[in-house]
Amino acid sequence: MVTPDHLEHGPHACIICAIAMNEHPLAEMAASSDKEYGAQAAYRVLYDGQCEICQACVSWLKTLDRENRTTCLPISANVLPAVDSRLKMDDCLRQLHVVTPEDEVHVGWDAVTCLARLFPSTWLIGVVGQRFPFRNVGQLIYGFVATNRYSLSKCRGGACRAAKPEAVRRQVGLSAFWSCYTLGFFIRLPLVLWAGIRAGAQRTSVFARTYHKRLDLLNGKLTILFLNGLLPNTVPLLFGELFTAVLYDGIAIDPGSPKMRRSLARHVRRLKPKIKKIVATHAHEEHVGNLNWLSDLTGAPVHVSGMTAQFLMPFKKLPWVRAAIIGQPPNLKQPFQVLRETLAGDSGGLQVIATPGHCDDHIVLYDPKEKVLLAGDAFMGSYFATPNPDVDSRKWLVSLERLMELDIEILVEGHGHIHTLRADIPDFPGVVIRQDPKAAISQKLDYLRWLREQIEAGFQDQLPVRVIEASCFPWGKRTSWESCATDECIRLLSLGHFSRTELVRSFVRMDGDQLPTVYEVRLSGGE
Ligand SMILES: [Zn+2]
């Protein structure tokens, strides 16, 4: 399933995470002088990165601030003197501080109204809030929340490691964790719902524009066939994952599932493509259901990796939800050929590269001449957050590192997204993403490395798995709440088969698919 990867990667709220991700102005901040920072024509907002309430307010601020007039900075010993020498740590932890471009410092309720006046939708609140008696009432309410926010929102039960997890765990149990995490969630709920609705509208629009369509690229060398089917259609509509078959240089790649067969047949009838070979990148049901069928129709031989062949003979029984929606593929029939290191296309050789991670048998095809990578599911957006139990994220990291060594100008995903900056690939909003493929892969690598760190540290601190999962999706991180509605919908509809929990699990998978004992116990509710 795909988490939209074109989402803006908002700055991080939690200090620890920010350092780990090295994406926050913090690092730049420490290096930059007071003068440099003062020169920025932005309102600098200093907030407590450990506090769920502060993080929630920052999410709102980022939503309102479309013109980037504010810079949100989690408080730390390095940041304060770099922003303004008058700022004191204790004061800043107690109340919101805003430093204007003119270097005025606003504190508490006055800082809130100062920010409110920046945006049309909140301008009136900002102006009225400065007048008697609203200013006094505002200051009173602000004072109450500011003094009580620590007891309202401690530290996610130790998910934030800055606050001495041992001490926090002693004082707060899981109930405190849930109250904090839930509180953060409810303050953000309108944003979560709005993001969910917007993403749904976007998915519907892309679905409608690709319905039974095909995309001819590179003078016919590359063709994307969008595949549909009554029940399979629910997947692009609900989750944004399009179903495709890719034709490249006489090779048909991943020709869909049995429930998309009519759609594939219609494409073949219309296009009459000269298919010389049929390849599957891996043995997932939406990629392998028509291998023999297409081979019988076109006379082209089927090529799969040795491991994929093993998985397809016989094909394991799918969980019933996946079988009902995508369709149970038939077993692979002889004859077929086992893929070697290269595969000849009409105009040149393709490299076959093993890329385990999404699943153990995954391979990608690479055309060094055209600099095209046919990635299958080896790259599913930079922020793929709801994997299935086949995913091994540690192997995936190694595979992506291997792909980073290639010279790639066009990256074709198995689920309908193309990443490229090349001008000979025309615009197709929602399908063609104008992004350097290597930058996209590197972004995914950064994300997986950060997750690995979070999860390793979480296990080291012996945090409960649910807390580790929460620390991988801190509400202060934009992608966490923007994809929350979709991710939870996927969890629900797949009966937990695809979920954020699986993402954590994908990092602790041992060889032989055994989870560490302690982990299994916790998953089943024990402690
Ligand atoms: Zn797959």
Side-chain angles (χ1 to χ4, degrees), residues 1-3 5 224-227 229 231-232 234-236 238-246 252-260 264 278-291 303-305 307-312 315-319 321-329 332 339 352-365 373-397 399-400 403 411-419 441 444 448 487 490-491 493-494 497-499 502-503 505-506 509 513:
M1 302 291 164
V2 177
T3 304
D5 61 349
I224 314 285
L225 307 176
F226 293 99
L227 301 179
L231 282 170
T234 52
V235 174
L238 289 172
F239 313 130
E241 191 179 75
L242 300 163
F243 293 117
T244 62
V246 176
I253 302 151
D254 292 343
S257 79
K259 296 203 175 195
M260 305 164 201
L264 180 65
I278 300 161
V279 174
T281 57
H282 63 296
H284 279 161
E285 61 271 22
E286 74 273 32
H287 301 260
V288 297
N290 297 319
L291 292 174
H303 295 250
V304 291
S305 76
M307 206 191 292
T308 304
Q310 231 174 48
F311 289 157
L312 294 176
F315 195 95
K316 64 177 190 306
K317 201 169 162 8
L318 283 176
V321 195
R322 282 163 66 176
I325 294 178
I326 312 289
Q328 174 80 32
L332 182 65
L339 281 169
V352 180
I353 305 169
T355 45
H358 175 74
C359 50
D360 281 350
D361 62 322
H362 203 291
I363 59 107
V364 297
L365 298 174
L373 180 72
L374 305 161
D377 288 355
F379 178 86
M380 302 185 78
S382 298
Y383 302 105
F384 176 72
T386 50
N388 69 21
D390 290 347
V391 174
D392 185 323
S393 291
R394 287 175 192 273
K395 288 184 189 166
W396 206 334
L397 260 164
S399 294
L400 290 171
L403 295 184
L411 187 160
V412 183
E413 286 185 38
H415 286 284
H417 295 105
I418 299 170
H419 302 256
I441 297 173
K444 187 177 180 72
L448 287 178
D487 287 356
I490 290 172
R491 186 202 297 269
L493 292 175
S494 69
H497 212 72
F498 295 83
S499 69
E502 282 298 337
L503 187 66
R505 208 206 297 234
S506 73
R509 189 154 290 129
D513 249 3

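We count ligands from 1, going down the list as the structure has it; atoms in each ligand are counted the same way. For clarity, every value in this text was computed on a predicted model and none was experimentally measured.
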So, Ser305 versus Asp361: side-chain donor-acceptor pair below 3.5 Å or not?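 Judged by distance alone, the side chains do not pair up.
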Please determine, by modelled atom types, if Asp390 and His284 share a side-chain donor-acceptor pair under 3.5 angstrom.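 A pair is found: one side chain offers a donor N or O, the other an acceptor, under 3.5 Å apart.
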Do the side chain of His362 and the main chain of Asp377 share a donor and acceptor less than 3.5 angstrom apart?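 Looks like yes, one N/O pair under 3.5 Å.
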Phe379 vs His419 aromatic rings, parallel, tilted or perpendicular, using cut-offs 30° and 60°?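 The arrangement is perpendicular - the two ring planes meet at more than 60°.
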Restricting to N, O or S atoms, which atom of Asp377 is closest to the Zn ion (ligand 1)?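 The nearest such atom is OD2.
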Considering only N, O or S atoms, which atom of His284 is nearest to the Zn ion (ligand 1)?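 Nearest N/O/S atom: ND1.
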Need one value: angle at the Zn ion (ligand 1), His358 atom NE2 versus His282 atom NE2, rounded to 10 degrees.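 Centred on the Zn ion (ligand 1), the NE2/NE2 angle is 110° (to 10°).
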